[in-house]
Number of protein chains: 2
Amino acid sequence: MANQNKSVTGKGSNARLDIRTVAKAAGVSIATVSRVVNKMPTVAPHLQVKVAEAIRKLGYVTNTQARALVSGRSKMFGVIISDITNPFFPELIQGFEEEAIEVGYETLIGSTNYDLSRMELCVQRMLERKVDGVAIMTFGIEEPLLDRLSSQGIPMVFVDMAPRKKNIATIHVDYEKGISEAVAHLCELGHRRISFISGPLRLHSAAARLKAFKSAARARGCFLDRYVVYGDHTMVGGERGMEQLLRLKNAPTAVICSNDITAIGAMHSASRAGLSIPEDISLIGFDNVQITEYMLPPLTTITMSGRDIASRAVSALLSPGVPLRTVETTLVVRQTTSGPRLRSLSARRTSRTR
Amino acid sequence: MANQNKSVTGKGSNARLDIRTVAKAAGVSIATVSRVVNKMPTVAPHLQVKVAEAIRKLGYVTNTQARALVSGRSKMFGVIISDITNPFFPELIQGFEEEAIEVGYETLIGSTNYDLSRMELCVQRMLERKVDGVAIMTFGIEEPLLDRLSSQGIPMVFVDMAPRKKNIATIHVDYEKGISEAVAHLCELGHRRISFISGPLRLHSAAARLKAFKSAARARGCFLDRYVVYGDHTMVGGERGMEQLLRLKNAPTAVICSNDITAIGAMHSASRAGLSIPEDISLIGFDNVQITEYMLPPLTTITMSGRDIASRAVSALLSPGVPLRTVETTLVVRQTTSGPRLRSLSARRTSRTR
DNA sequence: GTGAAAGCGCTAACAA
DNA sequence: TTGTTAGCGCTTTCAC
């Protein structure tokens with residue numbers, strides 16, 4: 001049957017601890033208990049006390065399933081991310097969860113691992129659990145899935161892409177600012193051969209970052225197609241990307257990476273190749289995850305606050321109509337950038353006369 | 001009312017999409033639909049097809065709240081961790097979630113931030129959501145909270161501590177092995193002044209690691225109380241711990257840290273003090289989180305597989321009775337350990353004759 | 001201000 | 001094999 005005694009412990013005491021039990025114990029109706037639980041003002045003070053006491057004594061907790069069923073609201077938000085192993089996402093989740101709890105919502109996390117079928121599964125789960133909103137932080141999603149969510153009228157919020165559906169909010173990120181600051185910083189240091197290790201372009205954010213890099217580099221007259229290389233937003237991707245770059249005839253003297261862990265991979269790879277950072281090669285990351293500050297040397301990177309994104313996401317889900325402020329990005333200079341070596345400079349001259 | 005039309009999109013089409021709608025569309029009873037959804041074998045093939053088609057066409061998804069309410073099983077497991085920002089936990093969560101999905105369970109994550117009231121909130125939430133089991137990975141919990149979970153008969157699994165309650169499983173970790181390997185490694189390299197930066201002792205795991213260190217160091221005759229210092233399992237804790245150690249009169253030539261991020265903090269701090277690693281000071285972490293391999297130099301550490309722990313946790317929740325294999329820990333030597341400098345050696349001699 | 005009663009969408013007896 | 005039906009625990013009218 002539905003409700004066999006759940007006591008596995010052997011205690012037979014908690015045969016059933018529902019609103020009815022509390023009502024009986026307090027000598028009121030279940031409606032009154034419900035009102036007290038939901039802090040409705042229309043309950044006589046002395047009854048409030050009695051009910052509260054009964055609740056405490058019995059250790060009653062509301063069954064949210066039942067509540068959700070009747071009220072139609074699950075009080076859960078879904079968050080879909082691509083890779084919980086990339087430290088940017090835990091930071092974001094932490095922010096999201098704190099804000100969500102603040103306003104009485106649970107957070108259901110789905111991780112896609114950059115895998116489309118996993119993404120489908122996530123969406124399915126969110127639908128099944130009847131989340132009251134979902135934040136899609138994967139920086140990319142397939143149209144049909146989006147439709148399924150959308151057709152259920154579930155509020156959604158994205159980072160960084162604006163599907164043309166209604167009830168979908170977008171958090172815009174100003175990549176241009178941080179990235180052009182980075183390029184400017186490098187140029188002022190004397191670099192001309194500046195590379196970019198991109199993420200996979202099907203991720204909207206990766207594409208946007210590359211685009212920002214291209215235009216910033218072009219604006220400074222130092223963009224070269226062959227200096228763009230592709231990783232996958234993981235450390236091994238960064239490693240590979242750097243290896244590719246180092247094989248180039250006129251290897252770059254500086255490289256900007258599409259995210260921090262890519263930069264960390266690149267750092268590792270450069271150092272294994274015998275280069276010192278920043279003397280032989282300058283490096284800039286993106287995201288400013290906490291660990292960048294602790295790298296040796298500390299990584300120069302571009303801040304994009306996960307907490308800012310999280311808090312905008314929660315408010316978008318809570319009040320679908322209101323417009324969201326754009327998230328800024330800013331260069332934070334640490335110690336992985338310096339002027340290029342002299343021999344690099346002369347190499348540069350050579351390459352230019354070529 | 002309970003069920004106002006959820007369509008915010010303006011489409012009036014999805015007035016209500018429940019099992020009844022599907023039943024009507026397929027020309028069968030709701031029981032049959034339920035059977036098909038739950039893949040029960042007792043449905044005539046042609047009806048299976050008809051129902052499946054209706055489901056697909058209508059885009060029906062099961063309401064898990066309703067299912068949970070009647071079946072008494074939510075098909076969710078809770079995982080409580082202390083700090084999602086410590087990369088060990090995302091790795092663990094990832095493993096847990098994958099295993100859970102595999103067996104048809106959702107994962108509800110609660111993060112306590114080492115805060116007791118947050119822990120209470122987490123437990124409360126898990127109770128409310130009627131999770132079918134909870135894995136407590138905080139490496140520590142207060143008794144009374146434990147009782148609340150326990151009295152509900154919810155299966156639980158802990159890492160590394162064995163409360164005397166029933167229906168509570170414990171995953172044992174063999175800290176001694178990895179840690180004594182680490183101490184031996186250091187001793188063989190010639191170190192005698194070996195420090196330990198511990199985590200907070202109210203975390204069971206931190207206490208266990210310290211204990212393992214003490215006995216290993218004692219066994220080699222190189223344990224000194226003043227070489228034990230306390231962090232808090234964060235990078236800044238590691239930083240502070242190292243600062244303390246460096247102020248010591250006969251500063252240690254090697255330090256083992258209670259977890260990797262502590263070691264990363266310590267590394268940073270040592271390097272900022274002008275020491276090179278490992279020439280001036282050797283460093284060993286604990287956990288072997290992915291990033292350790294990418295540090296410069298790559299961090300020598302002790303592996304404790306989050307995935308091992310995760311998979312044991314899931315099976316413990318799934319089948320409460322069966323005993324769990326102990327999780328091993330093993331030293332993995334990378335590049336933050338080497339013999340102490342000669343001047344350190346002589347300093348050591350001085351300190352010994354003292 | 002309080003209680004009785006009608007469901008929310010589903011599963012699982014039980015009957016046919 | 002299929003359908004009918006009684007709840008699961010709760011919120012929310014509506015009458016008192």
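Residue numbers start from 1 in every chain, and the chains themselves are labelled A, B, ... in the order their sequence lines are given, proteins ahead of strands.
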Nucleotide [N], atom [atom2] - distance to [atom1] of [X] in whole Å:
{"X": "B:K75", "N": "C:dC10", "atom1": "NZ", "atom2": "P", "value": "17 Å"}
{"X": "B:R73", "N": "D:dG9", "atom1": "CZ", "atom2": "P", "value": "15 Å"}
{"X": "B:R20", "N": "D:dG3", "atom1": "CZ", "atom2": "C1'", "value": "14 Å"}
{"X": "A:R129", "N": "C:dC10", "atom1": "CZ", "atom2": "P", "value": "14 Å"}
{"X": "A:Q65", "N": "C:dG9", "atom1": "CD", "atom2": "C1'", "value": "13 Å"}
{"X": "B:L17", "N": "C:dG9", "atom1": "CG", "atom2": "C1'", "value": "11 Å"}
{"X": "B:K39", "N": "C:dT11", "atom1": "NZ", "atom2": "C1'", "value": "16 Å"}
{"X": "B:I30", "N": "D:dG3", "atom1": "CD1", "atom2": "P", "value": "11 Å"}

Would you please name every residue forming a ring pair (Phe, Tyr, Trp, His ring centres under 6.0 Å) with A:Y105, sequence neighbours left out?
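Residues passing ring pair (Phe, Tyr, Trp, His ring centres under 6.0 Å) with A:Y105: A:F77.
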
Partners passing side-chain contact (heavy atoms from CB on, under 4.5 Å) against [X] (at least two apart in sequence or in another chain):
{"X": "A:L127", "result": "A:V123, A:R148, A:L149, A:Q152, A:I154, B:V61"}
{"X": "B:N113", "result": "A:Q94, A:E98, B:D83, B:S111, B:R118"}
{"X": "B:T21", "result": "B:L17, B:D18, B:L58"}

For DNA chain C, which residues of residues 45-61 of chain A approach it to below 4.0 angstrom with any heavy atom?
A:L47

Out of [options], whichever nucleotide has its closest atom nearest the side chain of [X]:
{"X": "A:L69", "options": "D:dT11, D:dG9, C:dC10", "value": "D:dG9"}
{"X": "B:S71", "options": "D:dG9, C:dT11, D:dG3", "value": "C:dT11"}
{"X": "B:V28", "options": "C:dT2, D:dG3, C:dC10", "value": "D:dG3"}
{"X": "B:I19", "options": "C:dC10, D:dT11, D:dT2", "value": "C:dC10"}

How far does the helix from C:dG1-D:dC16 to C:dA16-D:dT1 bend, going by the axes of its first and last five pairs, to the nearest 10°?
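Terminal axis comparison yields 40°.
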
I need the full list of side-chain hydrogen bond (donor to acceptor under 3.5 Å, both in side chains) pairs touching residues 33-44 of chain B, with sequence neighbours left out, sorted by first then second residue.
B:S34-B:N38

Could you check whether any side-chain heavy atom of B:T107 comes within less than 4.5 Å of a side-chain heavy atom of A:I109, counting everything from C-beta outward?
no

Please list, in numerical order, the residues of residues 31-38 of chain A that have a heavy atom closer than 4.0 Å to any atom of DNA chain D.
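Listed by number, they are A:A31, A:S34, A:R35, A:N38.
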
Decide yes or no on side chain to side chain contact (heavy atoms under 4.5 Å, CB included) for A:V159 and A:V173, but give the supporting numbers first.
CA-CA 8 Å; A:V159 174; A:V173 178; 4.0 Å; yes

Salt bridge (Lys or Arg N to Asp or Glu O under 4.0 Å): which pairs involve residues 308-326 of chain B, sequence neighbours left out?
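Counting only pairs at least two positions apart or across chains, no salt bridge (Lys or Arg N to Asp or Glu O under 4.0 Å) contact touches residues 308-326 of chain B.
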
Filter on salt bridge (Lys or Arg N to Asp or Glu O under 4.0 Å), then keep only pairs touching residues 50-68 of chain A, sequence neighbours left out; what's left?
none

Check side-chain hydrogen bond (donor to acceptor under 3.5 Å, both in side chains) between A:S319 and all other residues, then give those that pass, not counting sequence neighbours.
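A:S319 satisfies side-chain hydrogen bond (donor to acceptor under 3.5 Å, both in side chains) with no residue once adjacent residues are dropped.
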
Pairing residues for B:T64 by the side-chain hydrogen bond (donor to acceptor under 3.5 Å, both in side chains) criterion, not counting sequence neighbours
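Not a single residue meets the side-chain hydrogen bond (donor to acceptor under 3.5 Å, both in side chains) criterion with B:T64.
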
Evaluation steps, side chain to side chain contact (heavy atoms under 4.5 Å, CB included), between B:I84 and A:E97:
CA-CA 11 Å; B:I84 199 175; A:E97 194 177 26; 6.0 Å; no

